[in-house]
Amino acid sequence: MKTTAYARYRRFEAVTLLVDFVAAIAYLILFLLFFRLIQLPVTGNGEVDLANLHQAFVYETLIGDITTAKLNTFLSLLTLLMIVTIPMLVINYKKLKKMTIYELNEYSISGKFVQGLISLFAINPISAGLRFYNSFVTMQVVKGYGFKTFLTTIKPWFKKLFEKKPRIVIEEEEDDPETIALKKNIRRQNVVYALRMIVTYFFLVLMALVIIVPFYWMVVTSLKTFYESTVNQNPSIFVSLADMQWINYKVVLQELDFGRYLANTAFVAVISTSGTIFTTILAAYAFAKIEFKGRELIFSILIMTMMIPGELYVITNFLTVSRSGFSWIGNAAGNNQYFLTMTIPFMTSISYIFFLRQNFKQIPDTLYQAARVDGCSDLKYLTRVMVPIASPIIFTITLLNIFGAWNAFIWPRIITSTNPIEGQNFWLISVALRDASFNYPGGDRIMYNLQIAASALVTVPLMIVFFAFRKYIMSGVGRSGTKG
Amino acid sequence: MIRIQNALWEIRNWFRGITNAVADFLKNHKMGFLVNWPGWLKAIVFLAPALTLLGIFTFYPIVNAFRLVGFVGYRVIDGVEQATGYTVFGNFITVITEDNFILPSSHTQSSVLINTLIIVLISVPLSVIISLMVAVALNSIKPLRSFFQTIYFLPYVTNSIAIGLVFAYMFRSGNSGLVNRMLSVFGVDPITWIERGATFWKAMFVLLIYGTWGALAFKIMVFMTSIQGIDKQYYQAAAIDNTSKWRIFSKITVPLISPMIFYIVITSVIGAFKTYETVIAIFGNTGAPAGATYTLKTIVFYIYDYLNVSAPGNLSLAAASSIVLFAFILVLTLIQMQVGKKRIHY
């Protein structure tokens with residue numbers, strides 16, 4: 001009985017997730033369609049008119065005329081819906097994959113019901129209905145009765161709630177002074193404990209606010225008008241859905257070329273990370289498992305170089321890649337290899353070799369010996385045994401390295417500044433954030449709404465990856481104690 | 001079908017025969033190591049990619065930095081090195097005695113060494129103390145712990161330029177900056193933090209706040225992990241004795257994680273010495289508020305200034321100043337190691 005109900009629960013959950021998935025895709029497509037609709041105002045000579053970005057405008061579409069305010073509202077709503085739907089989808093999917101029947105309890109009933117309410121709020125009645133239904137299936141699994149029986153239990157429950165409990169009076173004996181003192185002491189301890197908890201939570205919330213406020217202010221400012229963000233002496237703390245200026249992002253992506261910079265950065269991150277993973281795995285394996293003379297010596301030399309500041313390398317590396325070395329840069333326009341210069345020097349990392357070696361060392365040697373007896377070569381052992389065992393760590397390293405490449409600033413900036421005009425096409429996002437011009441036309445006032453929108457554009461992908469793979473990153477950083 | 005299979009099998013056996021013959025031949029002629037690779041050959045193959053890259057981009061630069069320091073008027077024209085002379089300490093003396101390196105000159109009123117030391121001496125203790133407090137508070141609660149932990153970790157995964165721009169925006173002058181607006185709730189008049197007319201300490205304050213903000217995440221995470229690694233028996237014994245919270249903190253928690261605190265202090269001192277991106281994110285390429293008579297440049301900023309302007313001898317000066325930075329870091333690390341040996345409990 002229970003197992004059939006549980007099978008039903010799983011089936012319904014899978015269908016719900018499918019509906020959620022379709023909904024999420026639909027939101028995304030709609031968002032992109034509406035975002036494409038946004039038109040940048042153009043001046044007489046065909047350039048984008050930054051001064052009049054936030055004019056009201058009427059778009060003619062298949063579903064009738066849409067004003068700018070309406071369009072902004074749609075985009076904001078769709079974003080909200082995505083923020084609600086996608087995490088719920090991912091969390092439920094992960095849960096469903098690992099779940100066993102023993103994990104269902106009373107709380108999962110109400111949990112499912114609340115999720116149904118959230119789906120209802122996210123304008124997804126199908127998922128909501130399925131979730132409500134599924135909460136009763138859960139009840140079947142946990143309590144053994146269904147919806148009808150549940151209805152009959154409501155009344156007695158209410159009755160019980162409003163029934164006055166007969167007060168049980170125990171005739172207390174007169175306590176001796178010692179007991180009274182003890183009771184007082186206990187009471188005082190409870191008060192102190194409660195106070196301490198209040199203070200602790202107050203401190204933690206305060207610190208969390210300190211951390212969160214810059215992010216919040218970034219998102220809010222990126223959706224404001226130029227007047228509101230830069231000129232107004234009293235910028236508002238909230239932005240209503242209709243006032244969110246999604247056009248800022250469009251300007252930053254298209255007009256200020258951040259689309260290209262994001263693509264550049266993603267490309268560099270992927271290439272240099274795959275190189276790093278390849279070289280570090282091989283080197284860490286050699287240092288962990290292969291016996292050879294001078295292993296400890298070479299390894300300790302590597303560790304010692306970790307102390308030397310990176311600025312020392314940059315000077316010579318700059319000479320190495322320019323015309324006195326590989327001549328990757330510093331040539332006439334068109335002959336420069338910016339991407340090579342930005343990836344090759346970062347294709348290995350001593351700290352990751354160190355980190356990975358520690359993990360490889362924990363894998364017992366008997367496994368290695370057994371594999372050797374069976375005629376397994378080192379490379380095969382590495383790829384078939386070591387890498388799968390250490391895959392969580394390797395994944396962590398991959399993520400940290402991608403973050404490092406995404407945030408790279410000094411080296412790309414030096415490289416691209418050798419030829420400022422051509423190099424601009426090869427800027428990475430951090431360089432672009434610092435050096436791109438966000439000035440208001442005909443003046444040196446910075447258009448903060450655009451600048452901060454660009455910042456948000458750089459930060460949001462990082463946040464998404466972080467929240468998706470939170471556990472890997474946090475455990476990796478906590479355990480390694482090394483900074484990437 | 002079977003005929004094809006047989007044919008393939010024949011071919012395979014034929015190749016096997018050849019490889020075996022080659023292997024036997026090699027073994028008979030003292031080249032058996034090519035067939036059964038000994039450790040050193042395997043190590044060479046496995047280490048080759050990493051060590052080649054490290055050799056070109058890590059070890060050679062270290063050697064070369066000490067070579068560059070020996071030149072006077074070094075420059076590279078069309079890929080050919082040129083130098084007007086040689087020296088031993090000349091470049092170091094030039095760097096150290098130069099305006100703004102150690103002693104502030106008359107017109108700037110600040111030097112990169114003083115700036116760097118201020119950042120090290122204030123932001124490191126501040127961030128260590130705050131993150132220790134947060135980690136202990138976080139460990140004493142159960143509900144919402146992982147939620148708070150996630151939030152505190154956010155600064156670690158952000159782009160320091162992007163958030164630096166946001167900080168600069170938050171500290172705008174007048175009432176348009178968020179910080180000034182919050183302060184006005186408490187009746188504080190608007191302060192000019194980082195724009196034209198800001199004083200040294202106000203601009204430095206913003207820099208310190210941002211540096212500390214960014215440094216918290218990593219430290220909280222490491223302290224959390226190490227506090228969770230402490231054996232619960234110590235706390236249970238303390239609870240039986242009704243020990244006060246402060247005593248538990250100072251006599252159990254801190255001593256038991258002192259190696260980690262020590263490690264964090266070393267790494268963050270080194271990190272603070274290398275402050276660069278925070279300055280450039282908030283103050284731009286000039287490293288100072290507009291029209292200021294001082295700069296907020298750090299030692300690293302100074303090195304890159306040499307690198308950005310191509311004049312004869314500048315690369316040698318950049319190398320010299322980076323070696324000076326390295327020396328500072330080395331000396332501090334050694335001092336801390338000596339102190340740490342005595343201070344670490346157990």
Side-chain angles (χ1 to χ4, degrees), chain A residues 200 203-204 207-208 211-212 214 217-218 221 232-235 278-280 282-283 285-286 290-293 305 307-309 311-313 315-320 323-324 327 345 347-348 353 378 403 406-407 409 414 430 433-434 448 451-452 455 458-459 462 466 470 474 477-479 481 483, chain B residues 39-40 42-43 46-47 49-50 53-54 56-58 60-62 64-65 76 78-79 81 134 137-138 140-141 148 150-155 157-163 165-167 169-170 174-176 178 218 221-222 224-225 267 274 277 280 300 303 307 315 318-319 322 325-326 329 333:
Chain A
T200 309
F203 173 65
L204 287 175
M207 287 307 295
I211 301 290
I212 282 291
W217 200 235
M218 175 174 76
T221 308
N232 193 353
Q233 279 295 304
N234 218 3
F278 176 71
T279 57
T280 39
L282 288 182
Y285 179 76
I290 298 175
E291 306 251 331
F292 59 96
K293 254 187 198 168
T305 52
M307 208 172 62
I308 295 171
E311 290 69 36
L312 204 72
Y313 310 140
I315 301 159
T316 306
N317 284 347
F318 180 69
L319 288 175
T320 307
R323 291 193 62 191
S324 59
S327 21
M347 280 200 176
T348 188
I353 291 177
D378 274 275
F403 284 172
W406 188 263
N407 297 333
F409 175 67
I414 291 174
S430 304
L433 268 180
R434 185 63 271 178
Y448 279 107
Q451 194 190 43
I452 304 294
S455 297
V458 171
T459 310
L462 280 177
F466 169 63
R470 194 163 51 104
M474 286 168 65
V477 171
R479 255 183 302 164
K483 217 164 184 178
Chain B
W40 58 268
K42 277 189 252 174
F46 278 89
L47 285 176
L53 285 171
L54 287 176
I56 298 173
F57 295 109
T58 303
Y60 168 64
I62 295 170
N64 195 42
V76 180
D78 287 339
E81 292 183 331
V134 171
L138 211 50
S140 68
I141 64 166
F148 278 122
T150 309
I151 286 186
Y152 294 141
F153 197 71
L154 279 180
V157 290
T158 50
N159 185 308
S160 56
I161 302 288
I163 300 296
L165 293 176
V166 176
F167 264 80
Y169 178 66
M170 282 168 55
N175 255 334
S176 55
L178 185 68
F218 177 67
M221 196 66 221
V222 172
M224 275 291 286
T225 327
T267 50
K274 295 200 266 186
E277 288 185 22
I280 223 168
V300 175
I303 297 172
L307 210 57
L315 282 174
S322 63
L325 174 67
F326 173 49
I329 290 172
T333 314

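Owing to the predicted nature of the structure, the values given are computational and were not obtained by experimental measurement. Heavy atoms only: backbone and side chains are in, while hydrogens, waters and symmetry mates are out. Chain identifiers are assigned alphabetically (A, B, ...) following the order of the sequence lines, protein sequences preceding nucleic acid strands; residue numbering begins at 1 within each chain.
Heavy-atom distances place the side chain of A:I414, and not its backbone, under 4.5 Å from chain B. Contact of A:Y285 with chain B is made through the side chain alone, with heavy-atom distances under 4.5 Å. The contact between B:I163 and chain A is made entirely by side chain atoms (from C-beta outward), counting heavy-atom distances below 4.5 Å. Only the side chain of B:I329 comes within less than 4.5 Å of a heavy atom of chain A; its backbone N, CA, C and O stay farther away. Contacts of A:I290 with chain B are made by side-chain atoms alone, with heavy-atom separations under 4.5 Å and no backbone atom involved. For chain B, the nearby part of A:I212 is the side chain; its heavy atoms alone come within less than 4.5 Å. Only the side chain of A:T305 comes within contact range of chain B, judged by heavy atoms closer than 4.5 Å. Looking at B:F148, only its side chain comes within 4.5 Å of chain A, counting heavy atoms on both sides. Neither the backbone nor the side chain of A:T280 comes within less than 4.5 Å of any heavy atom in chain B. A:E311 touches chain B through backbone and side chain together, each having a heavy atom under 4.5 Å away. Contact annotation for B:I303: only side-chain heavy atoms (C-beta onward) come within less than 4.5 Å of a heavy atom of chain A.
Most heavy-atom pairs under 4.5 Å with chain B, from the set A:R434, A:M218, A:E291: that is A:R434. Between chain A and the options B:L47, B:N159, B:V300, B:L154, the largest number of non-hydrogen pairs under 4.5 Å is found for B:N159. When B:L325, B:V134, B:L315 are compared by the number of non-hydrogen pairs under 4.5 Å with chain A, B:V134 comes out ahead. Of the residues considered (B:L307, B:V157, B:N64), B:V157 shows the highest number of contacts with chain A, using heavy-atom pairs under 4.5 Å. Of the listed residues B:F326, B:Y152, B:F167, B:Y60, the one with more heavy-atom pairs under 4.5 angstrom with chain A than any other is B:Y152. Residue with the most contacts toward chain A among B:L54, B:T150, B:I62, B:I56: B:T150 (heavy-atom pairs, distance under 4.5 Å). When each of A:N317, A:I452, A:T320, A:L462 is scored by its heavy-atom pairs under 4.5 Å with chain B, the top score falls to A:N317. Between chain B and the options A:L204, A:T459, A:L319, the largest number of non-hydrogen pairs under 4.5 Å is found for A:L204. The candidate from A:V458, A:T279, A:N407 with the greatest count of non-hydrogen atom pairs under 4.5 Å with chain B is A:N407.
Atom CD1 of B:I141 is separated from atom CZ of A:F203 by 11.5 Å, given to the nearest 0.5 angstrom. Put simply, OG1 on B:T58 and CG on A:L312 are 10.5 Å apart, with the number rounded to the nearest 0.5 Å. Atom-to-atom distance recorded for A:Y448:OH and B:L165:CG is 9.0 Å, nearest 0.5 angstrom.
Applying the side chain to side chain donor-acceptor pair (under 3.5 Å) test to B:S176 and every residue at least two apart in sequence or in another chain returns nothing. Partners of A:F318 according to the ring pair (Phe, Tyr, Trp, His ring centres under 6.0 Å) rule, which considers only residues two or more places apart in sequence or in another chain, do not exist here.
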Step by step, work out the side chain to side chain contact (heavy atoms under 4.5 Å, CB included) result for A:F292 and B:K42. CA-CA 9 Å; A:F292 59 96; B:K42 277 189 252 174; over 6 Å; no
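Residues B:P61 and A:Y313 come closest through the heavy atom pair CB-CA, 3.8 Å. Nearest heavy atom pair, residue A:S455 against residue B:V166, reads CB-CG2, 4.3 Å. Across all their heavy atoms, B:A50 and A:A283 have their closest contact at CB-CB, 3.8 Å. Closest of all the heavy-atom pairs between B:F46 and A:A286 is CB-CB, 3.8 Å.
Ring planes of A:W217 and B:Y169: parallel class, angle under 30° (limits at 30 and 60°).
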